[in-house]
Engineer: 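This is the structure, below, for whatever I ask next.
Here is how names work: the chains are called A, B, and so on, in the same order as the sequence lines, proteins then strands, and each is numbered from 1.
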Amino acid sequence: MSGVRTEEIMIAAIARMLSGLSHVAVGSASPIPGSAALLARKLSGGSLRVSLLGRISNPTFTDGARELFDCAAQGRIDAFFLGGAQIDGQANINLVSIGDPDRPKARFPGSFGSAYLYFLVPRVILFRQEHSPRSLVPKVDYISAPGVSEPNVYRPGGPYALVTGRCVFDFDKKNRRFALKSLHPDETLEDIERETGFEFDCPQGKATPGTEVPDTEWLELIRGPIGDEIREIYPDFAAKMFDAT
Amino acid sequence: MSGVRTEEIMIAAIARMLSGLSHVAVGSASPIPGSAALLARKLSGGSLRVSLLGRISNPTFTDGARELFDCAAQGRIDAFFLGGAQIDGQANINLVSIGDPDRPKARFPGSFGSAYLYFLVPRVILFRQEHSPRSLVPKVDYISAPGVSEPNVYRPGGPYALVTGRCVFDFDKKNRRFALKSLHPDETLEDIERETGFEFDCPQGKATPGTEVPDTEWLELIRGPIGDEIREIYPDFAAKMFDAT
Amino acid sequence: MTDILKSADEIAASIPDGILLALPPEYAPCAMEAVRALVRRNAKDLRLLGVPQFGFQADLLIGAGCVTEVETAAVTLGELGLAPRFTDAVKLQKIAMRDTTCPAIHAALQASEKGLPFMPLRGLIGSDIVARRDDWQIADNPFGDNDPIVYLPAIRPDATLFHAAKADIYGNIWIGVRRELMVMAHASAAAYVTVEEIVETDLLADPQTAPGTIPGLYITALAKARKGAWPLGVPDLYERDQEHLKHYAEKARSVEGFDAYIEQWVRHGSQHA
Amino acid sequence: MTDILKSADEIAASIPDGILLALPPEYAPCAMEAVRALVRRNAKDLRLLGVPQFGFQADLLIGAGCVTEVETAAVTLGELGLAPRFTDAVKLQKIAMRDTTCPAIHAALQASEKGLPFMPLRGLIGSDIVARRDDWQIADNPFGDNDPIVYLPAIRPDATLFHAAKADIYGNIWIGVRRELMVMAHASAAAYVTVEEIVETDLLADPQTAPGTIPGLYITALAKARKGAWPLGVPDLYERDQEHLKHYAEKARSVEGFDAYIEQWVRHGSQHA
């Protein structure tokens, strides 16, 4: 078994957060969460239902593109995943642009369904492999979807965790801040502090544990059947991850 | 060709009102309008589209029972048909009950989609074979759907005509009253006045023409291919109309 | 995961008393054997929602004393005339009747399907339907100028119950063009289904069947019930048994006749086989 | 009656300049040959609506100068990265961009489908999407207590354009599970469709195909265009031509490269056959 990749650590970390759930949906541009959901399904013995957007064979939904959103609003989706060009310390995410949105320095695809699903899915797991002051910022330039809401705003869902290429944060709903949960191999608390643009809590301080690295069995699943399944939607990701020498 | 039935005169009268239209829908419990619509389609050479609710083969709609209503709201249905246990002089219709609705003397099935389609379909043709002071009343006991609305109420549709077993009325939108248009065979103006519970206009007075009776060609259509088609939805109506000795 | 039960009676045993139960019209397959099983198990205090109207199955449940409340756009036996037990129950005030109109039912269920508290709907204003519904509101269209529109609160049934031609072992249900059944499953907290047959192949995996299929995700439990819609029909499989329905319509004119019908055709199991 | 036209170019000729045109995402078949024909006929001032997002087809139209305005939840080439002509056009303010979110597009189209002036939608509050949309409102749920909800005005596209596996001679279009195409057809004033083949049998008459079929009632015009979605795919018929799309993504990084691509692959007809 060759060396464990950062993506594989992220996949395993996310898969663990899906244990015991009934139905997980995965949106666009989400190969790492997609792989994690498929791994979690394997580990569940098939009891976890996974809805992969963009998959053509075996559709989960038969009522058109709106069904994902309706299904979430019905409370039938337990977890979803959102990325962000920028993510800030209040778990706001930015999928739109850097700088003034009318004269952006950089423009990204757009908000997709984030502004809705972030409110309605109980366990939204944020992911961003690049962990740097550029991606994890004090305040996003554009709020595609806010991390927290006023108490009178209908919001059964919200942020649950943030998984990066360096660590895992929990989101503390009460304090409206991230709390460092575990460090990926070779990362130190100082690394995280230096590379993170927002303030976060570190309840375990120096005792913050390492992120569990996927064992051989998990790696074989990720690189074998999971990789084959994810290839239908993300051929380039699969090629980069699994076909490299 | 045996004697012309009242139902056949009504079918022909309604069919004439559908000439030149693009799409006509027919609801529940409407064998006479259903036959009229199918006759009008035949006469149009197939250019008239007819959507018959309750038909199982060759559905017009594939988006469930709501599609009829959505389609009407999109302005894609030119004519529809409504009956009424009672119909009054302002074209209000009652499909619910006689007397106090909480302690009714008679109870009918219910309003179906009338309270919606009457507002949205441009040409709603009312039909009621029984033409008596009991069915055509000064004021309905329950308004399933009102004939007219305040000017600020969104209402692209409304009543166009009333076809009974004795005559045809036009609905005069400006005066909000019915106007006698034609008398079925053997009916006199006095008959109509005596048998109609509401007041109506009679712009042509003694010169009110007779309702055109369907000719042999039309009768052959009604009793032949139209009868066969309507039998799928209304077996009893077809048996009564076309199988009698 | 969808529970695959053994019989329509097990389906009926899973449906609690006192719930709001959404039922389809006669042209979508009705789970008549399960409805008879509800009568057999003496179901109580059901509140029925006709989507958007119904007939024989509602009349049976009302006549058998299983129902306290009905919301529907109509109850009718079609060409066979009025639904006699329904008509009697309204006249004698044995049930609370909430009259509505077809698109209002569809809209209120779609609100629930979308997790919305309400849906707006055109039409209706000036009808006694609106006048007698204190749970509805008329308010201005916020984008209009003096443009009143009706606001309907969402209806979320506790359960829905219907029949279909087939299901697969994953709980997926083939409904063809009868998509109101899909809205009912989406909008209800639980969905109970009887089917003519249960196939081993995945209905979602076949691009020919997937478009007419409700995913098992929405189905609480299903059971095989051959001729489960009888005496109503299933499109492309069997037609309505019009003679039997005529027999019912005549018997049900009186309480005694209805009771005799129930004794003969419901209490001792369905005898159509 | 649906007009059956001769080619994708005739379809493009039927679509007027200046309209609001609704287009599907890349996973529903896109009418790429008709989109190329729009570029060939130098379509102008199109306002594009992504339902709910799009990629290659929007980038092509934007790069070719056919577009003044875009409303969409995203523009992306998927794994191939950003849509370069879109990105440039926003940065250089060549198009007016209205950012939105997927369910808001679906809801606004369903409002149009239902002839409603608006639809409510959960979520969104506190996002910059709402903050920057002066055509949306936040108001209280009339059935709630201090419960704000977003009100979205209906979107009624002047036309929609998409591709499908097959149509019949009556104008019925088989879309399978891609029901967002059905909403687009219902909600738009006109619907233009290209298809791989036109069959003689009535798709609505067959209970197997009817559930995945848009009735011809909603289809303004259709034309046969073999491999009409290329270089995008059609489920069960052909896959995306990922190599060609990579080639596009590279060329389109610069205006010169994009122009060369258009010259080679669009102006002189599609060369994929």
Side-chain angles (χ1 to χ4, degrees), chain B residues 18 20-26 37 40-80 113 115-122 124 149 152-158 229 232, chain D residues 1-3 22 106-107 109-119 154-160 164 167-191 201-220:
Chain B
L18 307 178
L21 300 184
S22 298
H23 184 199
V24 167
V26 185
R41 181 171 66 184
K42 272 266 188 273
L43 299 171
S44 78
S47 78
L48 175 67
R49 195 183 290 267
V50 174
S51 297
L52 285 180
L53 243 76
R55 181 162 61 178
I56 286 159
S57 61
N58 274 50
T60 308
F61 297 127
T62 56
D63 202 23
R66 69 169 178 245
E67 189 176 355
L68 166 69
F69 305 101
D70 291 353
C71 192
Q74 292 157 27
R76 297 188 205 260
I77 296 177
D78 303 314
F80 193 73
Y116 186 78
L117 294 170
Y118 210 14
F119 285 76
L120 292 168
V121 177
V124 175
S149 298
N152 67 326
V153 170
Y154 179 82
R155 185 160 193 174
E229 256 190 281
E232 187 193 334
Chain D
M1 292 288 116
T2 306
D3 287 328
H106 296 311
L109 286 178
Q110 281 184 272
S112 169
E113 182 181 51
K114 297 181 171 303
L116 288 170
F118 68 92
M119 279 272 281
I155 300 176
R156 180 157 175 81
D158 298 303
T160 183
D168 66 24
I169 52 172
Y170 310 102
N172 303 311
I173 312 284
W174 196 80
I175 55 161
V177 296
R178 295 266 57 99
R179 292 188 79 87
E180 54 276 12
L181 300 175
M182 188 177 282
V183 180
M184 288 161 68
H186 290 173
S188 300
T201 54
D202 185 343
L203 293 168
L204 289 180
D206 179 346
Q208 292 303 310
T209 50
T213 295
I214 305 176
L217 166 60
Y218 302 96
I219 307 301
T220 311

Engineer: Compare all side-chain heavy atoms of B:Thr62 with those of D:Ile214 and state whether any distance is below 4.5 angstrom.
Structural biologist: no

Engineer: Do D:Lys114 and B:Gln74 come close enough that some side-chain heavy atom pair is under 4.5 Å?
Structural biologist: no

Engineer: Just so I know, are the side chains of D:Pro215 and B:Glu67 near enough to count as touching, which here means a heavy-atom distance under 4.5 Å?
Structural biologist: yes

Engineer: Testing the basics here: between B:Asp63 and D:His186, what is the closest heavy-atom pair and its distance to 0.1 Å?
Structural biologist: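 B:Asp63 and D:His186 have their closest heavy atoms at OD2-CE1, 3.5 Å.
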
Engineer: Do the side chains of B:Cys71 and D:Tyr218 get nearer than 4.5 Å, heavy atoms only?
Structural biologist: yes

Engineer: Rounded to the nearest 0.5 Å, how far apart are CG of D:Leu217 and CZ of B:Arg49?
Structural biologist: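 Result: 5.0 Å between the selected atoms.
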
Engineer: Let me confirm one number: the CG-OH distance from D:Leu116 to B:Tyr154, rounded to the nearest 0.5 Å.
Structural biologist: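 With rounding to 0.5 Å, CG (D:Leu116) is 9.5 Å from OH (B:Tyr154).
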
Engineer: Heavy-atom distances under 4.5 Å only: say whether B:Ser47 touches chain D with side chain, backbone, both or neither.
Structural biologist: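 Contact with chain D involves the backbone of B:Ser47 alone.
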
